[in-house]
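Every value quoted in this text rests on a predicted model; they were computed, and no experiment measured them. Ligands are counted one by one from 1 in listed order, and the atoms in each one are counted from 1 as well. In this chain, numbering begins with 1 at the start of the sequence shown.
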Amino acid sequence: MEISAGKSVLNGIAIGKIKLYKKKSDEIIRKERNDYQQEFSRFKLAKQTAMDQLKALVDKAAEEFGDENAAIFEVHMMLLDDDDFNESVEEIIRSERVNAEYAISVTCDKICEMFSVMTDEYFRARTVDIKDISERLINILSNNVNMEFVLDEPSIILAEELTPSDTLQIDKNKILGIINRLGSVNSHTAIIARALGIPALLGVDIKDEWDGQLGIIDGSDSMLYINPDREILSAFKEKHKEELSRKELLLKLKGKETVTPSGKRINLFANIGSLTELETAIDNDAEGIGLFRSEFLYMESKNFPSEEEQFKAYRKAAEAMKGKKVIIRTLDLGADKQLDYFDLGKEDNPALGYRAIRICLTQPDIFKTQLRAIYRASVYGNISVMFPMITSLEELYKIKEVISEVKKELRDEGYLYHDVELGIMVETPAAAVISDLLAEEVDFLSIGTNDLTQYTLAVDRQNSKLDDFCNTHHIAILRLIKTVIDNGHKKGCWVGICGELAADLSLTEKFIEMEIDELSVSPLCILSVRERICMADTSII
Ligand code: PEP
Ligand code: MG
């Protein structure tokens with residue numbers, strides 16, 4: 001038995017035969033071509049074919065992976081038309097008098113090298129897209145000899161790096177798991193694996209000889225077992241069986257109400273950080289979106305997303321949820337969430353620094369653009385808005401002033417909007433302590449236990465050395481939660497929890513006992529939290 005470690009993108013177990021996915025065109029041969037005009041024509045023809053293929057793939061991907069992931073292939077179309085890429089290929093063909101395949105592969109290496117030294121992980125992860133379009137072109141030029149990878153049986157795929165196109169051409173019902181040498185947790189392989197619920201390990205020191213052997217991916221421990229011992233295999237088979245039957249049992253809870261045995265209804269909402277997660281939330285029967293982390297729109301973009309771009313995303317979420325609540329949290333940048341195009345400056349204590357609402361209140365243009373988009377989208381569904389990192393009443397007064405200005409502007413311009421519910425995230429001890437005062441100004445309070453824990457226990461949530469000091473069940477946190485719920489209720493607000501603690505099944509009964517109104521959890525946790533609520537021990541409630 002061999003054991004390896006990797007970076008896991010999804011909890012869950014995969015057991016099956018490993019199948020090596022190897023591209024036949026690994027080696028591109030440099031050939032002399034004196035007639036460079038003819039090579040130009042070959043290249044142009046291949047480009048046109050690639051464009052046609054990509055157009056068809058956009059539709060196929062939208063059907064299989066959702067619209068957001070289909071956009072990967074739209075990006076490929078743009079890259080294929082990119083001037084730098086095309087000029088480099090043509091220049092190499094002309095100056096070196098070589099075949100188009102070789103010119104493409106040299107250009108691909110050059111661009112990937114440039115991307116791979118960038119500090120931004122997003123750009124580093126995009127090297128896979130450049131490789132993908134280059135491979136597509138080379139395949140077309142060599143008459144598609146590499147495009148026939150067929151799985152005869154459900155298998156775990158072993159690859160250097162499975163590109164989005166690779167993933168799409170394999171029957172997804174036969175992919176049990178994915179093991180890649182390359183790829184980051186932000187790569188499209190990771191995004192697609194997550195969207196499809198396939199356990200995947202990236203960054204594994206893979207060996208070709210694993211091809212054909214039995215493998216186990218243990219997503220929760222990020223471990224890989226090759227040719228496992230009999231005891232290990234039977235232990236994982238047992239775990240896998242339990243996982244499957246649990247999933248099936250949980251599926252039976254779809255469409256059921258989230259109500260305790262004594263009849264108390266809890267709103268069970270989802271936290272989402274992308275539009276793919278919106279689809280997963282709907283699939284898992286979310287009763288609303290309790291936390292729409294809007295910063296992903298900013299992080300996925302090369303510049304501040306325009307009002308129109310944001311409006312479209314918010315409208316899409318509102319429409320997809322068909323009248324169920326969608327709570328959009330305004331921009332929560334800073335600390336671990338940074339943008340390449342917006343320098344927040346170096347800070348000694350970024351978690352205590354220039355972040356979230358502090359940025360919005362000092363950069364009114366950014367804040368107003370977002371609020372305009374949210375209010376415009378409000379007529380398309382049931383949108384609410386909440387503000388992160390609140391510490392004082394003064395901040396709320398300022399927010400309300402900006403909202404009044406935004407509403408006036410929209411009215412003057414003839415836009416319609418609804419008077420959306422306003423809420424705050426309670427994620428600083430200050431906000432928890434004055435939650436009675438804050439509750440007078442808003443409609444709801446949503447407790448962000450991730451930051452509330454960090455600030456209450458003075459434990460940096462990014463520092464893994466402090467894991468042992470980060471007691472999320474600390475009595476101080478539980479008391480603050482109880483205080484916030486009571487204060488909110490006294491002032492007529494509903495109160496929810498949207499931090500990770502909301503999905504902690506060992507606390508579900510406690511939260512019910514504290515009279516929580518809403519729990520917002522990551523989409524894949526919804527059904528297990530519903531199960532726990534529906535089975536809560538009523539003797540304590
Ligand atoms: C929180 O702090 O609990 C929270 C939900 O916000 P985030 O994790 O996005 O900081
Ligand atoms: Mg937070």
Side-chain angles (χ1 to χ4, degrees), residues 185-186 267-274 277-278 281 286 288-300 317 325-339 344 349-361 370 384-391 395 423-432 435 438 444-464 466-467 470-474 476-478 480-481 483-485 488 495-504 507 511 516-526 529:
V185 284
N186 286 330
N267 286 323
L268 186 51
F269 291 177
N271 295 346
I272 60 166
S274 70
E277 278 188 299
L278 172 66
I289 301 299
L291 169 61
F292 181 113
R293 289 185 161 100
S294 64
E295 48 282 358
F296 81 87
L297 292 172
Y298 296 73
M299 294 169 88
E300 283 176 1
K325 221 183 250 309
V326 175
I327 303 175
I328 299 171
R329 170 176 76 186
T330 57
L331 186 57
D332 185 18
L333 280 185
D336 56 318
K337 296 175 203 155
Q338 298 281 338
L339 302 177
L344 295 176
N349 293 301
L352 303 179
Y354 188 48
R355 55 169 296 198
I357 200 67
R358 300 168 184 183
I359 298 177
C360 288
L361 286 175
Q370 179 166 40
S384 304
V385 59
M386 71 176 171
F387 305 97
M389 278 288 285
I390 295 295
T391 57
E395 286 160 351
I424 56 158
M425 292 197 63
V426 178
E427 48 185 352
T428 63
S435 48
L438 296 170
F444 65 94
L445 307 174
S446 185
I447 307 173
T449 49
N450 308 339
D451 276 317
L452 187 61
T453 307
Q454 137 163 290
Y455 296 126
T456 306
L457 303 185
V459 167
D460 179 354
R461 66 191 266 195
Q462 296 296 110
N463 187 342
S464 57
L466 300 178
D467 283 353
C470 186
N471 174 10
T472 54
H473 292 197
H474 195 294
I477 309 294
L478 298 177
L480 285 178
I481 293 175
T483 304
V484 176
I485 296 174
V495 184
I497 301 176
C498 63
E500 294 302 304
L501 215 57
D504 185 330
L507 289 175
F511 293 148
I516 197 76
D517 302 296
E518 176 240 27
L519 292 172
S520 190
V521 301
S522 83
L524 293 174
C525 297
I526 292 172
V529 177

Asks: Have a look at the Mg ion (ligand 2) and estimate, to 10 degrees, the angle subtended by OE1 (Glu427) and OD2 (Asp451).
Replies: 100°

Asks: Any heavy atom of Lys337 sitting closer than 4.0 Å to ligand 1?
Replies: yes

Asks: Return the minimal non-hydrogen interatomic distance between Tyr455 and Ala351, and the atom names on each side.
Replies: OH-O, 2.6 Å

Asks: For Gly499, take its heavy atoms, then give the atoms of ligand 1 lying under 4.0 Å from any of them.
Replies: 3 (O), 5 (C)

Asks: Using a distance-only test with no angle check, is there a side-chain donor-acceptor pair under 3.5 angstrom linking Ser522 and Asn271?
Replies: no

Asks: Which ligand 1 atoms does Leu291 reach within 4.0 Å, using its non-hydrogen atoms?
Replies: 5 (C)

Asks: Are Gln370 and Ser294 linked by a side-chain donor-acceptor pair shorter than 3.5 Å?
Replies: yes

Asks: List the atom of Glu277, the atom of Gly273, and the distance in Å for their closest heavy-atom pair.
Replies: OE1-N, 2.7 Å

Asks: For Ala502 and Phe511, which heavy atoms make the closest approach, and how far apart are they?
Replies: CA-CE1, 4.3 Å

Asks: Would you call Lys337 and Asp332 a salt bridge, taking side-chain N to carboxylate O under 4.0 Å as the test?
Replies: yes

Asks: For Glu500, state whether at least one heavy atom is located under 4.0 Å from any atom of ligand 1.
Replies: no

Asks: With heavy-atom distances below 4.0 Å as the criterion, list the atoms of ligand 1 near Arg461.
Replies: 2 (O), 7 (P), 8 (O), 10 (O)

Asks: For ligand 1, which atoms sit closer than 4.0 Å to a heavy atom of Asp451?
Replies: 1 (C), 2 (O), 3 (O), 10 (O)

Asks: Does Glu518 pair with Lys325 as a salt bridge, N-O distance under 4.0 Å?
Replies: no

Asks: Do you know which two heavy atoms are closest between Arg355 and Leu333, and how far apart they sit?
Replies: CB-O, 3.0 Å

Asks: In ligand 1, which numbered atoms sit nearer than 4.0 Å to a non-hydrogen atom of Met425?
Replies: 4 (C), 5 (C), 6 (O)

Asks: What is the nearest protein non-hydrogen atom to atom 6 (O) of ligand 1, stated with its residue, atom name and distance?
Replies: Arg329 NH1, 3.0 Å

Asks: Any non-hydrogen atom of Gln454 lying under 4.0 Å from ligand 1?
Replies: no

Asks: Give the atom numbers and elements of ligand 1 that come within less than 4.0 Å of a heavy atom of Asp332.
Replies: 10 (O)

